[in-house]
Structures are given as structure tokens and as C-alpha cells.
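In the text below, chain A, chain B and the rest are named by the order of the sequence lines, each starting its count at 1. Quick note: numbers below take in every heavy atom, side chains included, and nothing from hydrogens, waters or symmetry partners.
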Amino acid sequence: MVIRNPRLRQAAQAAASTLVMLAAWQVASFFFPEYLFPPVQTIALRTFGIFSDPTLLLEVLSTAARIFGGLFGAFILGALLAVVIGRSPFIESYFTPVLVFLQGIPALSWVVIAIIWFHGIEFRILFIMVMTTLPAFTFQILDAYRSMSKDLFEMTMSFRPSGWMLFRVLIVPTIVPGILTAWKVNLGNAARVVVVAELVGATGGVGYQLLLQQQLFDMAGALAWTLVLVLFVLVVQTVIVALESWVLRYRPVSERVV
Amino acid sequence: MNAKPFIHFDEVTKDFPRPDGKGTFTAVDRLTFDINQGEVVAVLGKTGCGKSTMFNLLAGLIEPTSGRIDVNGHDPFKEFNYFRGRIGIVFQSDRLMPWRSALDNVLLGLQILNKDKKESEAIARHWLTRLGLSGHENDYPHALSGGMRQRVSIARAFAVEPEILLCDEPFSSLDEMTARDLRQEFLRLVRQNNKTALFITHHINEAIDVGDRVLVFHRPARIAFEARIDDASRQSGRKPIQDEILKVLSLEAPAATP
């Protein structure tokens, strides 16, 4: 059977590959002990258990709050830095090498630095999240700012706008696509980093729960918590994509698909 | 005694640094000319003769290296904000903001001038209707043809009720028929609204059709020839003027890369 609707076809392909993966896992569970390959239904039940238990759900929500808090902090700082750097080549020559250097520091190093420097758990995690995602936010928004059309800038300037008006009518609409891309890219990174940060330096959240499952040698639990985090990222990604489609509705359909 | 000219260029020179950083090149060389209120002046010249630099100087977007520009007693660069809403520009390309509908593009200048929203919308709709775009108010630029987009950009320039209209080859990217229709429409609007206009073109016939006067530039921008045009010369005396302009243009050496 040929599915003509591209969206339906894409959904069917995704469902098919997921089913194959689940089937392979289930087959493996017949041949290996449960602590290595727990059956799919056990993992599903444990995952459902996380969503139906308010205490466990709170752990998920606290991780989500840390991800959003870190991303939001990095976004605000990154946007400010990008606009400042974009407007002054002099400032750029000082800031860019620092940001490139920061980009090269592994997340785990930031975890160690945060533990040594700070006492408060939440502040440690916020610091780690901001430091690991700040360079990407800054560079992505800076790229969007630099891609601003010179023609549109001249045209807007011909009406002699104030600085604030120029920001509102030209700069913001120009950098919005870049901001949305930055959120999409950084969301996945943030989800990985927050788990590492919680694993080492927190007493709650998905990362801490993963640490508990490791100590209990509970593979089904570890997979269930991992699945919850992946589902969280997928849901937020879907929301961002929907927001992007709405914000960029002015583009021809072909460009939006790209 | 002649009345004080509305626009006065007095020995204006503009130098730019060379791309290789070695010295400067002169784009406008001691340029002197006047334009009276309500007059339409067409400027002709080969590519690279400095027409657009002169245009940007008059728009106040760049500062002259030496000399003085006076527009109704004010300096368009130094008194940048004085000219808010007083200069309307129609560019070679439409320069519409892709994220704004046709109506919102026409509203841009009025928004920058902080005009009342309801009043602005009525003005924008009025100009779109006058330019034959009724029913396309909510279309995004990508959904409009080249001619329609240029109509929107003309509506955007007229909507702020400017005293001066600057036009930089506004119809050169359109097909012959569309350009002819739009030119006639544009001229009617200029005459009806008693605008002072400077019209840059590289088509001799267009310059004769549009201008009360034609200025022919040699490179770097300086006046090599000037002709006053009236209805008689447009109809029966066109050929001698065309020949004279062609002769003047052919005297100039081809433009070298700066």
C-alpha cells in the first residue's frame, strides 16, 4: 500500500522503525536475564508508574524546571551578548575568543567547577546549564543578527526610526528564526547536561533517579526514567516546531518545510 | 529673482576608503545642483557613476566628505530626525519586509512616526486602493507579483505624506509593460500631490518622460549635461535631447573598479 500524504507516510515510517526496535528488544529479553534486557511491558509499566505517582512526577517537573531555567538564563544572556557583539567589532574581538574557549569546556568540567565554587544545589545546576548552552545561544543569535538584510536596514533607516523602534520592527523579526533554531538545538544539549549535573550534584530530578536505579541495578527503572526525559524533549521540540510554523507563516510553504 | 531652491547641493564631495585599504576613491566630486519645490528631476548616468551615492547623501544615510547639502534649510545627515516623515524613498527593489503583509508593509513608516493606529490603517488602505491593490491587503510579499510588490513599496513611500520623494531606478526590475503603467501612475500621484522628486534612472526615455529637468552625470558624480524638459520636447523634440544625452554619455570612459 502506498501512502500519498507525506505527513502520514512520515508518521508510518517512524512507527514502523519504533516497532522494529521494540520487537528486537523484546526478542533480546527472551534470551538475556531481566536485569540486562527487561521486557518491553515492564519498561512501559514503570514509565507509566512515573507519570501516575505525584512524587515521581515532581522529580520530572523539577528537572524540566532546571532545563527551562538554564535555557532561559542562557538565552537572555546570549541574546544580549549577540546584539552587543553584533553592533561593535571592537567588543567582538574581546568576547568571541572567550566564547569559543567556553564552548570547548566539557559539561563534566563545569559540574566539577560548580561543585567546588558553589554550595546551593539549584544555583550549581543553573550555572552549569547556562555555561554549557551560552556560547551556542550567542553564536546562533549573532549569526541571525548578521544575516539581517542591508537593504531592509537601509529602507527602515530611511524612515528615521528610534533605536527602540528599529529593534522592534527590524531586529526582532530578523533574529526570531535564529532564536527558535537555537532553542531547538540547545534543548537536546540541555537535557543531556542536566542529567549529568543532577547525577553528580543533586538530591532530586531525573539524573538523581538514574543514579538510584544504577545503585539498585534496576535496568527497567533506568530505561523508564530515560524514556521520560526523551518524551519530555520530544514534546517540547514539537511545541517549538509548532511555534516556529506559526511565527514563520509568512514564508512560502516550500521554505517552511526546508 | 529666483526663489530659494528646496534642495541645494553645494560643492559636495564623497570619498570612500578603497577595499584594499590603500587610500580613497571619490564617488561624488564637488557636485552642485538645485531642485525647486514641486519639481521632478531625473538623474541619468552610467552604472557606477555615483548616482546612488548622491541618493544616499540626499537621504541623509551617509555624510559628505566636504561640501554642504541643504534641504529646505536643514542638513539631512546632521538633522537626521528632522526629516522623519519628510523624505519618502522608493528603491530599485521593493524592499518589503517578508514577515509583514502588504498592509503592514505600508503601515511601517506610519508606525515609526507613531501615528494613531486607526488613522494609519485607513491611510494605508487608501494608498493600497489607489495603487490597485484592494483585496491584497493581507497577502504576504511572496504571494505578490514583482509589479504588485513595487506598488506596495510606492504606497509605503506615499503613506507618510513626504515632502520629498527619492526614487532609485524604481521600475528597472519590472517588465516593460508593467514599468510603463506604474511609471504613469507614479507620475500622476507625484503631480497630484505636488511632491518634489528626484528620480534616478539609466534609461534616457524614462528620464525624459519623468523629469521636468534631466541631469546627466559623469563619473565621479558631477553634472556633465542638463536639459529642461516640457511637454513639447517630450512629444516633438525628444530626438535631439536623446541624441545630446547619448553623445554626453558616450564621451565618458568605461567605469573602472575602485
Side-chain angles (χ1 to χ4, degrees), chain A residues 79 83 86-90 93 140-141 143-183 240-258, chain B residues 52 55-56 58-62 74 76-77 79-102 104-115 138-144 149 152-153 156-157 159-162 164-168 170 173:
Chain A
V83 172
R87 290 178 77 94
S88 163
F90 177 76
S93 55
Q140 271 150 355
I141 296 171
D143 278 350
Y145 180 76
R146 288 213 171 114
S147 69
M148 184 164 60
S149 156
K150 187 174 168 280
D151 282 356
L152 287 185
F153 179 76
E154 270 181 11
M155 184 278 296
T156 310
M157 287 308 289
S158 75
F159 288 108
R160 280 131 163 103
S162 63
W164 169 240
M165 191 58 89
L166 181 72
F167 183 74
R168 262 182 63 193
V169 301
L170 182 66
I171 296 176
V172 170
T174 300
I175 63 175
V176 158
I179 288 173
L180 290 168
T181 305
W183 271 88
I240 296 175
V241 169
L243 187 69
E244 194 178 33
S245 299
W246 182 77
V247 170
L248 304 182
R249 65 193 179 284
Y250 63 84
R251 289 184 175 175
V253 176
S254 55
E255 280 182 35
R256 264 182 272 159
V257 170
V258 170
Chain B
S52 294
F55 183 91
N56 285 334
L58 182 52
L61 300 176
I62 52 174
H74 297 271
F77 183 81
E79 296 172 76
F80 193 77
N81 288 333
Y82 171 80
F83 288 94
R84 188 171 285 164
R86 288 185 159 92
I87 297 180
I89 302 185
V90 186
F91 294 92
Q92 188 172 6
S93 58
D94 53 74
R95 302 198 186 188
L96 299 183
M97 290 178 161
W99 55 85
R100 284 177 169 243
S101 65
D104 287 339
N105 267 291
V106 179
L107 278 169
L108 177 73
L110 297 161
Q111 187 186 349
I112 288 171
L113 293 175
N114 282 319
K115 298 261 187 193
N138 298 319
D139 288 351
Y140 285 106
H142 76 81
L144 301 172
R149 285 203 297 266
V152 176
S153 81
R156 180 180 61 196
V160 294
E161 293 289 336
I164 306 158
L165 269 170
L166 305 180
C167 313
D168 188 4
S173 59

Evaluation steps, side-chain contact (heavy atoms from CB on, under 4.5 Å), between R95(B) and T156(A):
CA-CA 9 Å; R95(B) 302 198 186 188; T156(A) 310; over 6 Å; no
Cut-off 4.5 Å, heavy atoms of chain A, and the answer for S93(B) is side chain
So CG of L61(B) and OG of S158(A): to nearest 0.5 Å the spacing works out to 7.0 Å
The interface call for I87(B) against chain A, heavy-atom contacts under 4.5 Å, is both
Applying a strict 4.5 Å limit to non-hydrogen atoms, the region of L96(B) in contact with chain A is backbone
The interface call for F91(B) against chain A, heavy-atom contacts under 4.5 Å, is side chain
- Item | Within 6.0 Å of CZ in R87(A), more than 12 heavy atoms from elsewhere | no
>> Is any side-chain heavy atom of W99(B) closer than 4.5 Å to one of T174(A)?
In response: yes
| query | Would you find a donor on one side and an acceptor on the other, under 3.5 Å apart, between the side chain of R160(A) and the backbone of N81(B)? | reply | no
dist I89(B):CD1 -> M157(A):CE (nearest 0.5 Å) comes out at 11.0 Å
Okay, L170(A) and chain B: the region with an atom under 4.5 Å from a heavy atom over there is both
Okay, R156(B) and chain A: the region with an atom under 4.5 Å from a heavy atom over there is both
Check: Mind checking whether Y140(B) and Y250(A) have parallel, tilted or perpendicular rings, split at 30° and 60°?
Finding: tilted
Residue from M155(A), M165(A), R168(A) scoring the most non-hydrogen pairs under 4.5 Å with chain B is M155(A)
When rounded to the nearest 0.5 Å, the distance separating CD of E154(A) from CG of N56(B) is 5.5 Å
